[in-house]
Structures are given as C-alpha cells and as structure tokens.
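Following: one structure in structure tokens, then a few remarks.
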There are 2 protein chains.
Amino acid sequence: MMNTMEKRPVYLRVRDELADKIVSGIWQANEKLPAERQLSEQFSITRVTARQALVQLEAEGLIFRSNRRGWFVTPQRINYDPSRDIGFVSYVEEQGFSARTETLSKTLVEVPDWVADAGGIARGTPVYEILRRRYINERPCLIEKIYLNPKNCPGLLQHSLNQSLWHLLRTEYQLDPAERDLEIYPQTLDAPVAEALGVNTGSTGLYIRRVCRDQNGEFLEIDEEFWLHNAMKVVVQVSSKSL
Amino acid sequence: MMNTMEKRPVYLRVRDELADKIVSGIWQANEKLPAERQLSEQFSITRVTARQALVQLEAEGLIFRSNRRGWFVTPQRINYDPSRDIGFVSYVEEQGFSARTETLSKTLVEVPDWVADAGGIARGTPVYEILRRRYINERPCLIEKIYLNPKNCPGLLQHSLNQSLWHLLRTEYQLDPAERDLEIYPQTLDAPVAEALGVNTGSTGLYIRRVCRDQNGEFLEIDEEFWLHNAMKVVVQVSSKSL
DNA sequence: TCGCCAATCTGGTATATACCAGATTGTAAA
DNA sequence: TTTACAATCTGGTATATACCAGATTGGCGA
C-alpha cells in the first residue's frame, strides 16, 4: 500500500507518479511502460487498481495500449486543419513527423443514403468509395472513408491514391472546393475501424465528417475520418462571415 | 451467468442489451438506469462486470453518471458552431432545447501567459476573466472561460453577463471579429471543471479554444470551453480560402 | 407544516484470485 | 542460418467480497 496519509485515492496517486515520469520526459514517446503485474508489485497494489490508474492515463491521452503488448507513452499531438486540402503528408512533415498513407480499398459502390442526402445527389447513384489508413511516425492514427461522384472524376480509381487526393483532383480534374461543412465530435471506434487501427473496439476516437462543395453547392467530395482521440488537435481558421 | 454460447465477452453482451433499451427508446433521455447491484443481479454477474458494461456505454456517450446518484441516459447531442457568435441560448433553442447561462465569476486578473502570447498583448497586462456555466435542458454541459482586453470594452463587468456576450460587445462596444482561430480536441476534465459540471474528475470532455481577432489581427476575445464530450457535435462551415 | 437527522441507497475504491488468448521470445530442430 | 514451436509474458475478462462517502428519503419531533 502506498503512503496512506493523503485522501486522494490510491489509483490517482499512482496515476500522478506515472504521469510525472511522462511529462518530465523520464519516459519518452512510444516507450513501453512496465507491465501491469510489475506496477502492482512496485506500488504494492493489486493489478486491478494498477489498471484503474492506467485506464485513467489512457483517457487523459497520456498513454495508449497495444493489444496484449503493453502500454506506451503517447507521442505529441499533431495539428490538423480539416478545412485545408494541402497534402496530409507534407502537412504532417512540416511539423517534424513522418507520415504515410495506405489505400485499403477503392471501389464503385451504391451511394449510402446519408451521403446522397448530404451531397445532394439521388439515392442509389453509384459513387467511388475509397478507404485509406494514415500513419504518423509509423503509428496508424486514422481511417478515412472518402466518397466521390464519378461524374466529376472519371477513371479516378486508376490512379495511385496513396498521394494527396486533392492534388490529384486539382491537377487532373480541375476540381476545387468553394465551401466545406465540418462535423466533429468524440465517438467510440467501432469494431472494423478499431481493428484497422490496432486498438480495442470501443476505445474513444474523434470523428470528423467533411462535405466539400463547389461554387454551385454541388458536392465534390465527402469524407469521414476516424481518429485516435489522442493523436491530434483540430486547428481551424475561420475568416469572418458575420451572422 | 448470461447465455454463454457466444464468444463476445459478457460485459459487451450486457452492454448490447442496455444499449438496445436506449436506442429503441424503451429508456428515454435522462431516465435513470437500474442500480449497479440491481443490474448485476438481473444479469447474474458481479458488480465489477456490470460496471465494465456501464463504463463502456459511458465512453460511447450513451449514458452518463451523476456522482453517487446513478447512471442516466444521455440526451441527444446538440449542434454547436463555435465560429458563429449568435447567442448560445437562441442557437440551442432553435434546435428545440432549453438553454441557460450562469456567470460564476467576473474579475480583472493578470493575463495568463498563453493568452498574452496568443492574443498578441504584453504579459502581465490586466484583462477581464469571465467564468460561465451553461445548461442545456437544465443539464450543465460546459464551462467557459473568457478573456477580454479591457481597452476594448471598459466597464464590461458592470453588465449582466448571463446573456449573449457578443450581442453586448457589438451593441455596446461596436466590436466585431474578423477572424477566428479554433482549436478543438478531446481532453479529460480537470478537478475544478469536472466539479462545476457535476461529473467525476478525469471524465472525458471536449476542449475548444477560440481566439477572435479584429481586422488588424488584434485579439478581441479569447475563449476556452470545456464540454461534456457527449453533449454536442461541432458543426463548422468554412468558405474557401484556397491554400 | 416544516426542518432536521438517521437509515438507506448508490456509486467509488480497493483487495485477492483465476483463467484465457494474443504477442513475443528463446531454443531446438531442419 | 533459418524455421517452427513451445514456453513465457502481457493484457483481457471475470468472480467474490468489503468498506467508504455522498445523495436521497422517510419519519420523528418541534
């Protein structure tokens, strides 16, 4: 049992000690923490209590878990501006991280109803669906689901999609969005997404939906992103559009 | 013990049953769930396991807890656009909810360093600091910390601040922001904020920082918001500002 | 009728223990 | 040297139990 003079619950005092080692830099980004059984011995607590402290730190974003491998120190958040279409990779590299995109699938599918409604096209229309996974410093950080109207970019799927999509859309198809609707909120990751990111189903994430439209209000691209909640900060700059 | 034929862990199957009652509407918004001991008896599991299911549902945003009172069904998320300065109350009421703002404190303080740096004023300058709590359907949903430069709005603290702040700034002081920088990310709520919202310290929240500037890039208002993570959706519309 | 306090209800924290399953590793066989 | 597999390490899930402290409630007394 730890020093018992204070009122603060044991698991929070353990949390504090661990948090200290992280913020002070004794434990570096991506470094593995001692095993749960080891921690419980060190602090003379049960594994259950140790876990409570770890789950707390996870919720705070200070550590993350990798299925049955252990707990690791969360690296610094990157900044991310979903309203800008500069390439993800160069955007991340500007911040001193490495980045990589992987295309998981690219198919022609019947448009999901909500995409049809949000995008102003008829239900049942065929659209391109692209699924990508993006890495920051070789850590998978988000899954991205993209919908495009083939009318605007015929033959798109023939291209390699591991590069900046908007660069391609601009240079090959002369597409340029005039307006974007963003929707952002915390949400748990469902099974397929969690699996693709190598985390536990039900762990919390950040959901971003982006609808890009052209000058006529017609939809160019619809984009759903499922982020690890601790991987980034949304940073948006909005110039005035008085009410 | 529940039906043991499936591989899905017990606590997730309990989760599913409870989630069902919520999404199907059998349990309505703000309705209290059965007590943990009651649930563990109903499902023939221990209280620890029942708790695991509840914590899971909490992470998903389907239920929330009120300290030692019980678990309740989370009401629907409201939409929230931090880039618009229309009154919070009318904005929420448009969506069919009731809203209310409470001023917790209004003082003249020495500017925090990060505010000085972000706002482009000298460190140590005195600024107004306003602390407000906002309710949706009588549920406290966010704590707001506002910084203003007294130079721009002398005597502001004499006014009632339970109304739309920007309405006041516009009509009384002719202030109008030209640009806003937003920063949004999930973060756990620290002790004072969690307490003010009546939730447990360490529960997850959504953090929003807004820096409003005038035409000259000078800061008009800086605003930090700490939201319950399940109370809202950020919805922003951005018109084009090509890269 | 109103206010206060005790009993009770509810979640919060903690111990001790057990077995399972995926990930990693070390060693022996090919 | 490389491959394959068994031992081991690590987190994941689950039981049983206990005591604490804040919140609610019900009843008694003024």
Side-chain angles (χ1 to χ4, degrees), chain A residues 1-16 18 30-59 63-73 140 191 194-195 197-203, chain B residues 1-16 18 31-59 63-73 140 188-189 191 194-203:
Chain A
M1 172 85 68
M2 301 188 59
N3 163 19
T4 178
M5 278 296 83
E6 305 172 41
K7 298 144 204 172
R8 195 164 168 74
V10 175
Y11 83 95
L12 285 180
R13 279 184 280 137
V14 172
R15 181 228 88 105
D16 293 344
L18 300 180
N30 294 305
E31 193 171 330
K32 189 179 174 305
L33 271 65
E36 292 180 0
R37 288 174 232 271
Q38 234 172 303
L39 288 173
S40 46
E41 197 177 348
Q42 275 178 35
F43 289 102
S44 305
I45 54 179
T46 53
R47 209 183 123 209
V48 182
T49 306
R51 247 179 111 74
Q52 231 180 324
L54 291 167
V55 168
Q56 176 61 35
L57 285 165
E58 181 192 37
I63 63 176
F64 67 94
R65 58 178 109 185
S66 179
N67 201 336
R68 278 169 233 267
R69 292 199 317 118
W71 298 87
F72 303 83
V73 176
E195 205 169 315
L197 289 175
V199 299
N200 295 350
T201 303
S203 43
Chain B
M1 173 85 69
M2 301 189 59
N3 164 21
T4 179
M5 279 294 85
E6 306 171 39
K7 297 144 206 172
R8 197 165 167 74
V10 176
Y11 82 94
L12 286 181
R13 280 185 278 134
V14 171
R15 181 228 88 107
D16 293 344
L18 300 181
E31 194 171 330
K32 188 178 175 306
L33 270 65
E36 292 180 0
R37 290 171 189 28
Q38 232 171 305
L39 288 174
S40 47
E41 197 178 348
Q42 274 177 36
F43 288 102
S44 303
I45 55 179
T46 53
R47 209 184 121 208
V48 182
T49 307
R51 248 179 111 75
Q52 232 180 322
L54 292 168
V55 168
Q56 176 61 35
L57 285 165
E58 181 191 36
I63 63 176
F64 65 95
R65 56 178 111 184
S66 179
N67 201 337
R68 278 171 235 265
R69 293 199 316 120
W71 298 86
F72 302 84
V73 177
T188 49
L189 306 173
E195 204 169 315
L197 290 175
V199 299
N200 294 349
T201 303
S203 43

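Naming convention: chains lettered A, B, ... in sequence-line order (proteins, then strands); numbering from 1 in each chain. All of these numbers come straight from a predicted model, not from anything done at the bench.
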> Atom CD1 of A/I45 to atom C1' of C/dT13: distance rounded to whole Å?
Replying inline: 12 Å

> Over how many whole Å does the gap from B/F72 atom CZ to C/dT10 atom P extend?
Replying inline: 11 Å

> Who are the side-chain hydrogen bond (donor to acceptor under 3.5 Å, both in side chains) partners of A/S203, not counting sequence neighbours?
Replying inline: none

> B/R15 CZ to D/dA14 C1': how many Å, rounded?
Replying inline: 19 Å

>> Need one value for B/R51: base, sugar-phosphate or nothing, where a base atom within 4.0 Å counts as base even if backbone is also close, heavy atoms only.
In response: base

> Does C/dT15 have OP1 or OP2 sitting under 4.0 Å from an N or O in the side chain of A/T49?
Replying inline: yes

>> Quick check: closest heavy atoms across A/R13 and A/R8, and the distance to 0.1 Å?
In response: NE-O, 2.9 Å

>> Without decimals, in angstroms, what is the distance between B/E41 CD and C/dG11 P?
In response: 14 Å

> With a 4.5 Å limit on heavy-atom distance, are the side chains of B/V14 and B/T49 in contact?
Replying inline: no

> Rounded to the nearest 0.5 Å, how far does CZ of A/F64 lie from CG of A/L33?
Replying inline: 10.0 Å

Protein N or O to nucleotides 5-7 of chain D N or O, pairs below 3.5 Å:
none

> For the side chain of B/K32, counting heavy atoms from C-beta on, which of D/dA14, C/dT10, C/dA14 is nearest?
Replying inline: C/dT10

> For the atom pair OG1 (A/T46) and OH (A/Y11), what is the distance rounded to the nearest 0.5 Å?
Replying inline: 13.5 Å

>> Once salt bridge (charged side-chain N to carboxylate O under 4.0 Å, His left out) is applied, what residue pairs with a partner in residues 33-45 of chain B remain, sequence neighbours excluded?
In response: B/E36-B/R47, B/E36-B/R51

> What is the bend of the helix from C/dT1-D/dA30 to C/dA30-D/dT1 when you compare the axis at one end with the axis at the other, using five pairs each and rounding to 10°?
Replying inline: 10°

> Between B/R8 (CZ) and D/dT13 (P), how many Å, whole number?
Replying inline: 10 Å

>> Across nucleotides 17-24 of chain D, 5' to 3', mark each nucleotide with B, S or - according to how protein heavy atoms within less than 4.0 Å reach it.
In response: BB--BBSS

>> Going by salt bridge (Lys or Arg N to Asp or Glu O under 4.0 Å), name the residues that satisfy it together with A/E58, two or more places apart in sequence or in a different chain.
In response: A/R65

> For B/Q52 and D/dG11, what is the distance between atoms CD and C1' respectively, to the nearest whole Å?
Replying inline: 12 Å

> If you round to the nearest 0.5 Å, how far is CH2 of A/W71 from NZ of A/K32?
Replying inline: 11.0 Å

> How far does CD of A/Q42 sit from CG of A/L18, to the nearest 0.5 angstrom?
Replying inline: 8.5 Å

> Hey, what do you get for CD1 (A/I63) to CG (A/N30), rounding to the nearest 0.5 Å?
Replying inline: 13.0 Å

